[in-house]
Amino acid sequence: YYPSHEDYYAVVDDLNDTTNTTVDLPLSIGAGASYRPGNQFLAAADVTYMNWSTLSTAFANTWAASVGIEIHPTTNFRAFYPFQWPYRFGARMEEHYIRANGAKPTAWYMSAGFGIPVGNGVGFIDYAFEYGQRGNIQDTRVRERIWRHTISLVGWERWFQYRPRR
């Protein structure tokens with residue numbers, strides 16, 4: 001005997017419900033600037049302030065500042081292929097919103113990377129290496145060292161593509 005599909009309910013009635021939730025986020029204020037003197041160099045800097053204390057008195061307000069540069073050795077598509085890649089270097093300083101031993105841990109990071117152009121120049125395979133440290137033994141009794149490698153695929157969006165007027 002094979003029961004037909006009409007003998008069973010497809011969805012149990014008590015599982016058909018909805019759940020609502022909210023997430024509180026801190027107020028964040030930031031500003032940034034970039035400068036491009038030509039096709040081979042780009043410099044950028046930004047600062048951010050985050051008001052964590054409005055969420056909980058256990059959290060501290062924080063700031064972060066970062067700077068970076070991107071260098072293209074050449075824009076000539078006939079040049080040696082690695083000379084066509086963009087090379088990037090950056091630095092970042094920030095505070096952490098959770099106190100350790102009564103003090104806010106500060107952190108610093110240094111990064112370097114490059115992008116390999118793919119797809120006729122509208123995308124990149126990006127590689128970045130980052131080293132940094134959060135906290136110190138004297139003030140917070142906590143120190144964390146960060147070694148991070150990142151590989152990402154970037155591009156293929158409309159705003160990456162140059163479209164001449166006709």
Side-chain angles (χ1 to χ4, degrees), residues 15 17-75 81-119 121-161:
L15 294 180
D17 60 0
T18 303
T19 303
N20 293 325
T21 185
T22 60
V23 176
D24 292 331
L25 297 174
L27 172 68
S28 177
I29 300 171
S34 64
Y35 175 66
R36 184 189 278 295
N39 289 332
Q40 295 176 285
F41 185 77
L42 172 68
D46 63 59
V47 294
T48 305
Y49 172 78
M50 297 185 79
N51 192 2
W52 288 94
S53 62
T54 58
L55 302 180
S56 171
T57 57
F59 296 158
N61 297 334
T62 62
W63 61 267
S66 57
V67 295
I69 61 170
E70 180 179 85
I71 301 168
H72 286 263
T74 182
T75 56
Y81 192 58
F83 291 165
Q84 299 175 40
W85 299 355
Y87 294 91
R88 301 177 187 106
F89 305 93
R92 179 174 173 84
M93 296 265 323
E94 67 182 12
E95 293 179 316
H96 199 266
Y97 64 96
I98 297 177
R99 290 180 175 89
N101 195 35
K104 288 189 288 187
T106 57
W108 59 267
Y109 306 96
M110 303 293 288
S111 63
F114 58 86
I116 301 171
V118 292
V122 297
F124 290 95
I125 296 174
D126 283 335
Y127 169 77
F129 171 75
E130 184 176 34
Y131 173 74
Q133 179 176 303
R134 181 184 305 152
N136 59 47
I137 299 299
Q138 295 82 13
D139 296 336
T140 61
R141 295 193 180 138
V142 175
R143 180 177 61 210
E144 178 182 24
R145 291 197 175 130
I146 293 103
W147 297 81
R148 186 176 300 145
H149 296 271
T150 306
I151 298 174
S152 57
L153 186 60
V154 180
W156 284 282
E157 296 182 19
R158 294 185 73 112
W159 60 279
F160 273 95
Q161 299 175 9

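Position 1 is the first residue of the sequence; numbering continues from there. Heavy atoms only: backbone and side chains are in, while hydrogens, waters and symmetry mates are out. Keep in mind that what you see is a predicted model, and the values were worked out from it rather than measured.
- The shortest heavy-atom contact between G115 and D126 is CA-OD1, 3.1 Å.
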- Do W63 and V47 pass the side-chain contact (heavy atoms from CB on, under 4.5 Å) test, and can you show the C-alpha distance, the side-chain angles, and the key distance before you say yes or no? CA-CA 7 Å; W63 61 267; V47 294; over 6 Å; no

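- Atom-to-atom distance recorded for W85:CH2 and I125:CD1 is 10.0 Å, nearest 0.5 angstrom.
- The minimum heavy-atom distance between N61 and Y49, with the atom names listed, is ND2-OH, 3.1 Å.
- Evaluation of the side chain to side chain donor-acceptor pair (under 3.5 Å) rule for Y87 yields no partner, not counting sequence neighbours.
- Sorted by first and then second residue, the salt bridge (Lys or Arg N to Asp or Glu O under 4.0 Å) pairs involving residues 43-71 (not counting sequence neighbours) are E70-R88.
- Within a 6.0 Å sphere centred on CZ of F41, other residues, nucleotides and ligands contribute more than 12 heavy atoms.
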Atom pairs and distances, donor-acceptor, side-chain atoms in residues 96-103, under 3.5 Å, two or more places apart:
{"from": "H96", "atom 1": "ND1", "to": "I98", "atom 2": "N", "distance (Å)": "3.2"}
{"from": "N101", "atom 1": "ND2", "to": "D139", "atom 2": "O", "distance (Å)": "3.3"}

Name each donor-acceptor pair under 3.5 Å that joins a side chain in residues 144-154 to protein atoms two or more places apart or in another chain, with its distance.
{"from": "E144", "atom 1": "OE1", "to": "R134", "atom 2": "NH1", "distance (Å)": "3.0"}
{"from": "R148", "atom 1": "NH1", "to": "E130", "atom 2": "OE1", "distance (Å)": "2.7"}
{"from": "H149", "atom 1": "ND1", "to": "Y127", "atom 2": "OH", "distance (Å)": "2.6"}

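- For the pair R143/N136, no side-chain contact is recorded, criterion being any heavy-atom separation below 4.5 Å from C-beta on.
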Identify every side-chain donor-acceptor pair in residues 24-36 under 3.5 Å, counting partners at least two apart or on other chains, and give the distances.
none

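- Tested against Y109, the residues E94, M93, Q133 include a single side-chain contact (heavy atoms from CB on, under 4.5 Å) partner, E94.
- Annotation: ring-ring contact (aromatic ring centres under 6.0 Å, His included) contacts of W108 (sequence neighbours excluded): Y131.
- Smallest separation of non-hydrogen atoms from F124 and V118: N-CG2, 4.1 Å.
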